[in-house]
Amino acid sequence: MKQFMKKQLPLILALSGALVSFNVQAWGNDGHRAVGAIADQLLKGSNAQQHVQALLLPGESLEKIATWADCVKGTYCGPQSAEMTSYVAANPKHSEYHYTDVPFQLPSYHDHGVGTAEDDIVQTAKQCIAVLQGKADAATNPHNFTPRQALLILTHLAGDIAQPLHVGAGFVSSDGKFVVPTQAQLDAGEVFDARGGNNLLLDDVKLTATSDQLIPAAPVDETKPAGAPARAPQTTRPFHSYWDTTVVNYAFRRIGARTPEQFAKLVIAGNPTVVSAKGDLSTWPYQWADQSLAISKVAYADVTVGAATKQTSKSTGESYNVWALAMPDNYPVPSSAIARQQLTQGGYQLAAVLKAIWP
């Protein structure tokens with residue numbers, strides 16, 4: 001078994017920290033709520049907390065609104081509110097605001113680089129910050145976000161941008177290797193976009209069996225009825241889904257947290273070292289993306305691409321490639337450590353930017 005991830009994780013984290021440190025969706029519901037819960041606690045008693053509360057409705061918190069930008073994609077959070085339908089109608093590309101697809105091998109995000117877009121996560125987060133600063137105009141706020149919308153979206157994107165596969169993407173060559181593509185190669189079909197890891201499929205049966213040996217069992221939830229049947233494992237799981245939800249579950253289990261609020265309290269009590277952005281606030285989303293891009297190199301380091309097969313989209317009829325992906329048996333351990341770090345990173349960077357907007 002290769003040992004690259006074990007050896008490189010401390011190095012990547014050290015390089016990230018050297019920047020300046022201070023004390024259907026990325027991360028799934030619990031992960032996003034954990035990011036919001038961390039920020040809620042860090043903002044207590046601050047001027048920023050007062051401004052945040054002025055934009056929230058009674059009973060709302062950053063934890064509770066952290067999934068709003070995903071909930072607008074459908075009805076799985078409940079019926080769409082008038083606020084949601086209005087936002088969706090005015091933002092037909094809203095699902096593209098959540099990610100960018102920079103080849104994970106690259107050192108940094110650059111405007112107009114391969115995999116970036118005018119409506120990607122970096123550009124959208126930058127726009128939200130300008131709106132909350134009161135500096136937005138037609139050029140910096142092309143989607144005409146209101147301050148409340150900017151807070152709702154930024155709260156969510158602070159979590160998304162910390163999920164390494166929402167920034168660092170894998171592109172697969174025709175001979176089954178991860179490569180940095182040119183746009184010409186993509187257009188010619190010589191290199192294939194793995195869609196942020198959605199087209200890279202893990203053996204979920206094996207993953208479940210090995211993780212049960214490596215990760216502590218989840219704390220008992222006494223609010224749920226006993227004897228509820230466990231969900232049968234899927235045959236395969238997209239690599240992106242693994243990083244969105246599975247590692248969040250592992251991170252919660254390893255720290256002994258049952259709820260996002262418990263997770264937030266435990267990580268804050270540990271006085272974590274996180275990466276702090278600096279300089280003009282308009283550059284902070286770029287710095288957040290670069291930190292996550294560095295972590296994506298570790299996420300991809302020990303996985304190997306297998307044979308390609310074809311699948312067909314039920315909704316569009318489009319045919320596309322998927323690849324079997326193999327990971328080391330111990331992968332759940334270092335990847336869940338990364339998840340804990342990055343969830344913490346997301347919460348701290350959300351609190352930091354809100355405090356910088358409203359000092």
Side-chain angles (χ1 to χ4, degrees), residues 13 16-17 19-23 26-69 121 125-126 128-129 131-133 147-148 150-163 166 248 251-252 254-281 283-285 287-289 291-292 295 337-359:
L13 301 187
S16 297
L19 293 175
V20 176
S21 61
F22 67 85
N23 259 340
W27 298 129
N29 288 336
D30 281 349
H32 274 292
R33 289 181 58 201
V35 169
I38 291 169
D40 280 330
Q41 294 187 39
L42 295 175
L43 291 179
K44 284 183 178 179
S46 68
N47 183 48
Q49 183 190 32
Q50 296 181 31
H51 282 270
V52 166
Q53 288 301 318
L55 293 173
L56 298 179
L57 301 177
E60 288 183 336
S61 63
L62 294 177
E63 177 187 346
K64 291 180 179 178
I65 65 154
T67 59
W68 187 92
I121 191 168
K126 183 170 66 171
C128 291
I129 290 170
V131 171
L132 293 175
Q133 286 181 293
R148 173 172 164 81
L151 179 63
L152 292 169
I153 301 163
L154 184 62
T155 299
H156 185 83
L157 298 189
D160 277 348
I161 206 166
Q163 206 274 53
H166 270 241
V248 175
F252 273 44
R254 290 186 68 185
I255 201 173
R258 185 169 56 81
T259 67
E261 184 178 10
Q262 289 176 356
F263 181 89
K265 289 180 178 178
L266 288 167
V267 296
I268 292 172
N271 295 315
T273 298
V274 296
V275 179
S276 173
K278 59 183 179 179
D280 190 279
L281 291 186
T283 71
W284 284 28
Q287 296 177 60
W288 298 342
Q291 187 273 340
S292 193
I295 301 301
I338 292 174
R340 172 175 170 170
Q341 172 211 335
Q342 292 302 103
L343 290 168
T344 305
Q345 177 72 28
Y348 272 77
Q349 66 194 20
L350 175 59
V353 74
L354 294 175
K355 286 183 177 180
I357 291 169
W358 297 303

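The structure presented is a predicted model; accordingly, all values stated were derived computationally and were not measured.
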Output for pair (I38 CD1, L43 CG), nearest 0.5 Å, gives 11.5 Å
Original post:
side-chain contact (heavy atoms from CB on, under 4.5 Å) between I65 and H156: does it pass, once the steps are laid out?
Top reply: CA-CA 8 Å; I65 65 154; H156 185 83; over 6 Å; no
So R33 and F263, do their side chains get closer than 4.5 Å, heavy atoms only? no
May I ask you to decide if I161's main-chain N or O and S292's side chain share a donor-acceptor pair within less than 3.5 Å? yes
Applying side chain to side chain contact (heavy atoms under 4.5 Å, CB included) to A39 and not counting sequence neighbours gives L62, L350, A351
Output for pair (I129 CD1, L281 CG), nearest 0.5 Å, gives 6.0 Å
Taken in chain and number order and not counting sequence neighbours, the residues that satisfy side chain to side chain donor-acceptor pair (under 3.5 Å) with T283 are Q287
Name the atoms and distances for all side-chain donor-acceptor pairs under 3.5 Å in residues 54-61, with sequence neighbours left out.
unit_1, atom_1, unit_2, atom_2, d
E60, OE1, L57, N, 2.7
E60, OE1, R148, NH1, 3.0
E60, OE1, R148, NH2, 3.4
E60, OE2, R148, NH2, 3.1
S61, OG, E63, N, 3.4
S61, OG, K64, N, 3.2

Check: Under 3.5 Å, is there a donor-acceptor pair between the side chain of Q342 and the main chain of A162?
Finding: yes
Across all chains, not counting sequence neighbours, the ring-ring contact (aromatic ring centres under 6.0 Å, His included) partners of W284 are none
So CZ of R340 and CD1 of I338: to nearest 0.5 Å the spacing works out to 13.5 Å
### Message
Counting neighbours of NZ on K126 that are heavy atoms of other residues, nucleotides or ligands and sit closer than 6.0 Å, is the number greater than 12?
### Response
yes
Contacts satisfying ring-ring contact (aromatic ring centres under 6.0 Å, His included) that involve residues 40-69 (not counting sequence neighbours) are H51-W358, W68-Y87
With sequence neighbours left out, the residues meeting side chain to side chain contact (heavy atoms under 4.5 Å, CB included) with Q262 are A257, R258, T259
Taking P260's backbone N and O only, do any of them form a donor-acceptor pair with D30's side chain (distance below 3.5 Å, no angle check)? no
Margin query: Taking CD in Q133 as the centre, count heavy atoms belonging to other residues, nucleotides or ligands within less than 6.0 Å. Is the count above 12?
Written below: yes
Residue pairs passing the salt bridge (Lys or Arg N to Asp or Glu O under 4.0 Å) test with at least one member in residues 350-359, sequence neighbours excluded, are none
Rounded to the nearest 0.5 angstrom, the CG-CD distance for L157 and Q349 is 10.5 Å
